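This report concerns only the one structure given below.
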Amino acid sequence: MPILVMKFGGTSVANLDRIRRAAKRVGVEVAKGYDVIVIVSAMSGKTNELVGWVNETSPLFDAREYDAVVSSGENVTAGLMALTLQEMDVPARSWQGWQVPLKTNDSHAAARIEEIPTDNILAKFGEGMRVAVVAGFQGIGPDGRITTLGRGGSDTTAVAFAAAFEAERCDIYTDVDGVYTTDPRICSKARKLDKIAFEEMLELASLGAKVLQTRSVELAMRFGVRLRVLSSFEEQSDDAGTLVCAEEDIMESNVVAGVAYSRDEAKLTLISVADRPGIAAIIFSALSDAGVNVDMIVQNIAEEGRTDMTFSCPTSEVARAEQALAAIKDDGVLNFAEVIADEAVAKISVVGIGMRSQSGVAARMFKVLSDEGINIKVITTSEIKISVLIDRKYMELAVQALHDAFELDKAS
Ligand code: ASP
Ligand code: MG
C-alpha cells in the first residue's frame with residue numbers, strides 16, 4: 001500500500017479535542033488506502049515549558065539531560081494519538097524515536113539524523129497495522145542516549161521519514177493554511193501560493209518565514225520529497241494548502257514568489273581598518289569563535305591603506321560581537337578606529353526562481369524603495385534572491401510597497 005506521512009504541529013495537537021480532529025484526518029487517508037506514518041509535535045507551549053524548567057534547574061545544563069527532558073512532550077502526544085486512533089478502530093501504535101530507532105549523531109540539542117531503518121514499522125504494516133504514530137523531534141545518539149533535533153525539529157523528522165519510506169507525500173498540518181507571498185499580518189494583500197519551488201521555500205524559510213524548519217526543506221529538496229503545508233483547522237480538500245515541490249512541477253510562476261523580512265537585525269561597521277591580506281579572516285574568525293552569526297558583509301574601497309568593513313548579525317548578538325571586536329582592536333594588525341552599531345535595521349528580501357532568467361528585478365526593487373523615500377544601507381544578492389537592510393521603522397512599508405510593485409496579489 002502507498003505510504004503517506006502526516007505531521008501535526010503543536011497547535012494541531014494542543015488538547016484532546018484537537019488530537020481527535022487530527023486523528024479523524026488520519027482516518028480519512030487510511031480509508032483511501034494509505035498506510036500512514038503520523039509524526040507528532042508536543043502540545044503547543046509544552047516544549048517551551050520544558051526548556052524553561054531545564055534552564056531554571058541548571059543554567060549550564062548537561063545537554064544529554066536537556067534532551068531527556070525536552071523530548072518528553074512528544075512522547076505524550078504520540079501515545080494519545082495512537083489511543084485516539086484505536087478508539088476509532090484504526091489499528092495504530094506509537095513509537096518513540098529510540099524504538100524505531102531514528103539514529104542521530106551525538107550533537108545533543110541539535111542532532112542530525114543519520115539513519116532511519118524501515119523494517120520494524122514496515123513489518124507492522126505487513127501485519128495489518130495502518131498507522132504508525134512516531135514522536136517527532138527526537139532520536140537516539142551513538143552513546144545510546146536520547147537526542148533532539150533542535151527547535152522545530154519535528155518537521156525534519158517528518159521529511160526524513162517520508163524520504164526513508166519513499167512516501168507519496170509529506171503533509172505538514174499547522175495553524176496556517178499554507179505558504180503566503182508575504183506575512184499576512186503585515187500585508188493584507190498577501191496571497192496563499194498553490195505551489196512553491198524547494199529553492200524558493202528554502203530562501204523564505206531561512207529568511208524568517210516560520211512555517212517550516214529550514215532543515216526540513218533542505219532535506220525535502222535533497223530527496224525530492226513532495227511537501228504539502230496545510231491547516232488542520234480548515235475543511236479538508238485535495239488541493240488545500242501549498243505544495244512545496246521541484247521547479248519542474250510548477251508550470252508558471254511570477255518572477256518574484258515572495259517578499260520576506262527579518263525584523264531583529266543589526267548593522268556593525270568597523271571604521272578605518274587596515275587594508276591588508278588576512279584582515280577579514282581575523283575579524284570574522286573572532287566573530288565566529290564568539291558564536292556570532294554574521295549574515296551580510298560589505299567592504300568599502302580602500303583609501304590610503306584603510307577601509308571600512310560592515311556586517312550584519314541578529315540584534316541579540318551585538319553585545320557579543322562588540323566584545324569579540326574589542327578584544328582584537330589593538331592587536332597591532334587591525335588597528336581600526338571604532339565600531340559603530342546600528343541596532344534598528346531590518347532585512348527585506350524578494351525571492352523567486354524567475355530571477356534566474358529575468359533581469360531588472362534588482363533595479364525595480366531599488367526604485368520602489370527610493371519612491372517610498374527608504375534608504376538602502378546594505379545590499380546582497382544570490383541567484384534567486386535580493387536582500388537589503390533598511391531602517392526598521394520602514395519595514396512594513398517596504399514589504400507592502402514591494403508586494404504591490406511585483407503584483408504578488410495576482411497569480412501569474
Ligand atoms: N516540540 C518541538 C519544538 O517545539 C519540536 C517541534 O514542534 O517541531 O521545538
Ligand atoms: Mg513547528
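Along the sequence shown, residues are numbered consecutively beginning with 1. In each ligand, atom 1 is the first atom listed, and ligand 1 is the first ligand listed. Just so it is clear, the structure is predicted and the values come from calculations on it, not from any experiment.
Atom OH of Tyr394 has 12 or fewer heavy atoms from other residues, nucleotides or ligands within 6.0 Å. The 12-atom threshold is not exceeded at CD of Glu87, counting heavy atoms of other residues, nucleotides or ligands nearer than 6.0 Å.
Those atoms of ligand 1 that come under 4.0 Å of a heavy atom in Ser154, given as number and element, are 5 (C), 6 (C), 7 (O), 8 (O). Close contacts between ligand 1 and Ser41 involve ligand atoms 6 (C), 7 (O), 8 (O) [criterion: under 4.0 Å to a heavy atom]. Atoms of ligand 1 found under 4.0 Å from any heavy atom of Arg151, numbered from 1 in the order shown, are 3 (C), 4 (O), 9 (O).
Neither the backbone nor the side chain of Gln213 has any atom closer than 4.0 Å to an atom of ligand 1 (non-hydrogen atoms only).
Among Glu74, Lys46, Lys7, Met43, the residue whose heavy atom lies closest to atom 1 (N) of ligand 1 is Glu74.
Judged by distance alone, the side chain of Glu372 and the main-chain N or O of Ala398 form no donor-acceptor pair under 3.5 Å.
With sequence neighbours left out, the side chain to side chain donor-acceptor pair (under 3.5 Å) criterion links Lys46 to Glu49. Evaluation of the side chain to side chain donor-acceptor pair (under 3.5 Å) rule for Ser71 yields no partner, not counting sequence neighbours.
Judged by distance alone, the side chains of Arg151 and Asn48 do bring a donor and an acceptor atom under 3.5 Å apart.
Between Gly152 and ligand 1, a contact under 3.5 Å exists for at least one N or O pair.
Contact annotation: Gly153 has at least one heavy atom less than 4.0 Å from an atom of ligand 1.
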